[in-house]
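Data block below; observations after.
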There are 2 protein chains.
Amino acid sequence: MKKSVFYHAGCPVCVSAEHDILELIGEQNVEIVHFGNNKSRIPEAEKAGVKSVPALVTPNGNVLHINYGASMADVKA
Amino acid sequence: MKKSVFYHAGCPVCVSAEHDILELIGEQNVEIVHFGNNKSRIPEAEKAGVKSVPALVTPNGNVLHINYGASMADVKA
């Protein structure tokens with residue numbers, strides 16, 4: 001199975017959601033991308049339709065915005 | 001494992017998220033509650049902290065608001 005990708009920026013809401021998602025979906029099924037450590041992945045996330053973090057992009061390309069930590073504008077600031 | 005509960009109200013955003021969540025977490029791990037068919041579950045969801053639908057309440061009681069279909073006020077209207 002293709003992995004989901006969980007994008008976040010280290011905010012408290014992100015970290016809490018990351019924990020829940022890993023628990024629910026299984027660590028082996030999710031790639032975690034932290035924009036703080038990896039700004040080069042921002043364009044790919046925006047292209048996928050990520051508007052805020054935390055967000056999960058499913059293997060079929062749907063974007064699930066989970067709660068609300070920060071907008072992509074905040075992430076890029 | 002205790003099941004997660006996915007609350008929704010039949011909106012297009014809800015149905016799309018439901019499909020993704022079932023795919024990711026597995027049908028056997030999620031109880032689906034449709035407020036349109038089951039208004040009696042609204043108080044329980046609000047008590048859990050659900051502010052909008054679709055939302056997933058995890059086995060440990062965290063609420064993940066996934067995208068945004070409708071507020072609970074809309075659901076109750």
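Model, not experiment: these values are computed from the prediction. Within every chain, numbering begins at 1; the chains are lettered A, B, ... in the order of the sequence lines, protein sequences first and strands thereafter.
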Chain A neighbours within residues 66-77 of chain B, where any heavy atom lies under 4.5 Å away: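 The list, in residue order, reads B/I66, B/N67.
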For A/L24 against B/S4, the heavy-atom pair lying closest together: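 So the two residues come closest at CD2-OG, 3.2 Å.
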Sort out for me which residue in B/N62, B/L56, B/V63 forms a side chain to side chain contact (heavy atoms under 4.5 Å, CB included) with A/D20.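 For A/D20, the side chain to side chain contact (heavy atoms under 4.5 Å, CB included) check succeeds only for B/N62.
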Which pairs pass salt bridge (Lys or Arg N to Asp or Glu O under 4.0 Å) with one or both residues in residues 48-73 of chain B, sequence neighbours excluded?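 Residue pairs with at least one partner in residues 48-73 of chain B: there are none.
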Could you list all the disulfide bond (SG atoms under 2.5 Å apart) pairs where at least one residue sits in residues 14-77 of chain B, not counting sequence neighbours?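 Those involving residues 14-77 of chain B are B/C11-B/C14.
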Check the hydrophobic clustering (I, L, V, M, F, W, Y; side-chain heavy atoms under 4.5 Å; chains of links allowed) and say if [X] and [Y] are grouped together.
| X | Y | answer |
| --- | --- | --- |
| B/I21 | A/L22 | yes |
| A/V57 | A/I32 | no |
| A/V53 | A/V13 | no |

Quick one: ring-ring contact (aromatic ring centres under 6.0 Å, His included) pairs with a partner in residues 33-57 of chain B, sequence neighbours left out?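 For residues 33-57 of chain B, and leaving out neighbouring residues, the ring-ring contact (aromatic ring centres under 6.0 Å, His included) pairs sorted by first residue read B/Y7-B/F35, B/H8-B/H34.
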With a cut-off of 6.0 Å (strictly less than), are more than 12 heavy atoms of other residues, nucleotides or ligands near CD of B/E27?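 No, the 6.0 Å shell around CD holds no more than 12 heavy atoms from other groups.
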